[in-house]
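So the structure is just underneath, and the comments pick up after that.
Heavy-atom basis, side chains included; hydrogens, waters and symmetry copies ignored. Numbering of residues begins at 1 and proceeds along the displayed sequence.
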Amino acid sequence: MASVSLKHIFKRYPGGVTAVSDLCLEIKDKEFIILVGPSGCGKSTTLRMIAGLEEITEGELYIGDRIVNDVAPKDRDIAMVFQNYALYPHMTVFENMAFGLKLRKTPKDEIKRRVEEAARILDIAHLLDRRPKALSGGQRQRVALGRAIVREPKVFLLDEPLSNLDAKLRAAMRTELTKLHKKLETTFIYVTHDQVEAMTMASRIVVMKDGLIQQVDTPQNLYDLPCNVFVAGFIGTPQMNFIESTISKEGNDLYVSFAGVKFKLPTEKAENPDLLEYVGKKVIMGVRPEAIHDEPMYLSTLADWTADAMVDVTELMGAEIYLYLSMGEETNLIARVSSRSKAKSGDTVKVAFDISHAHFFDKDTEKCICH
């Protein structure tokens, strides 16, 4: 088993395009770390540099205690699972899983033992004689995972392995991958643009944008304590509401104003020295959809933070409803409310904001001021 260490890694392509800039990351042994971000943020390039499929322009990459910048992919003791499965169509499942071991001249009885053990773990033992065309997408993905498992690598690299599966199967495979990681006790480095995958599987998440790491933390900390507007908006569904607001002070109290309303901030925020520096300035207030309520219970307990809003659209999601709201011409919001809500499109409703859970960001730098 092994840790992976990336020290000041750069990837520059001819023509001056920089895909990854000064990337520093310490991945612990047996960790399940997930790289997320929008298309083109450098996450797959980073994974391919760890695999040895992309050359590192600058910096040092360690797997365990060994620097591997110039080590060939086959000698790095890693196994990669691709988005498109990359199975050989003319080979059976057994032959596909055994192929890498045969190339390494592994004894036949050892190959048989490893393939059968991996097939048992992945519940594909009954498919060993079939060819890929006779398998479903989920079964093919398991075979691709099996081919990686039999190599018994120190590090698993997974590049959007679930993106070709339908929504139901993807949810099931997320659970399977989490179980698999616990069984194998190996380091997993996983790339996806799907933040649901990241939130449900990772021990830590690396959020990337434009080749730069924005934040590395546990899923819960990323959700509760985002370091900037990008992370706050990327993590969470529906995404956080961002409201241009003004901070003002009256006596010892701080107030936030937006869309014609003015709310007194709770004591812990009013006494925050970082937020006090923004008195008289515009800020971005971030409020999660689940912190905007229309139920009578919240309207009474959060009575000081209520306002009227117009319902533009309602989306019934089964156990909850998404309300798309507007306050004046400038402020659009999404509220995630109970399925008991009676709000209808075109209604004017009273909503309560739980300002104690609001986040404040600098309008220019977009960095977090306080949570």
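When each of K209, E366, Q214 is checked for a side-chain hydrogen bond (donor to acceptor under 3.5 Å, both in side chains) with N228, only Q214 meets the rule. For the side-chain contact (heavy atoms from CB on, under 4.5 Å) with Q195, the lone residue among I34, T237, I205 that qualifies is T237.
E295 has a carboxylate O that lies under 4.0 Å from a charged side-chain N of R340, or vice versa, which qualifies the two as a salt bridge. A salt bridge does not link D362 to K367: none of the charged side-chain nitrogens sits closer than 4.0 Å to a carboxylate oxygen. Between R170 and D194 a salt bridge is recorded (basic side-chain N to carboxylate O distance below 4.0 Å). Taking a cutoff of 4.0 Å between a charged side-chain nitrogen and a carboxylate oxygen, E110 and R114 qualify as a salt bridge.
Clustering of Ile, Leu, Val, Met, Phe, Trp and Tyr side chains at separations under 4.5 Å places Y88 together with M91, F99, L103.
By the neighbour-count criterion of 12 heavy atoms within 6.0 Å, atom CD of E315 is densely surrounded, having more than that number from other residues, nucleotides or ligands. Shown here is D75, whose CG atom has more than 12 heavy atoms of other residues, nucleotides or ligands within 6.0 Å. Residue E55 qualifies as open at atom CD: its count of foreign heavy atoms under 6.0 Å is 12 or below.
Aromatic rings of F353 and F258 (six-membered ring for Trp) have centroids within the 6.0 Å cut-off, being under it. The six-membered or imidazole ring of Y255 lies away from that of F263, with a centre-to-centre distance of 6.0 Å or more.
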_Intermediate values then yes/no, salt bridge (charged side-chain N to carboxylate O under 4.0 Å, His left out), E116 and K112_ = CA-CA 6 Å; E116 286 176 353; K112 186 170 184 291; 2.9 Å; yes

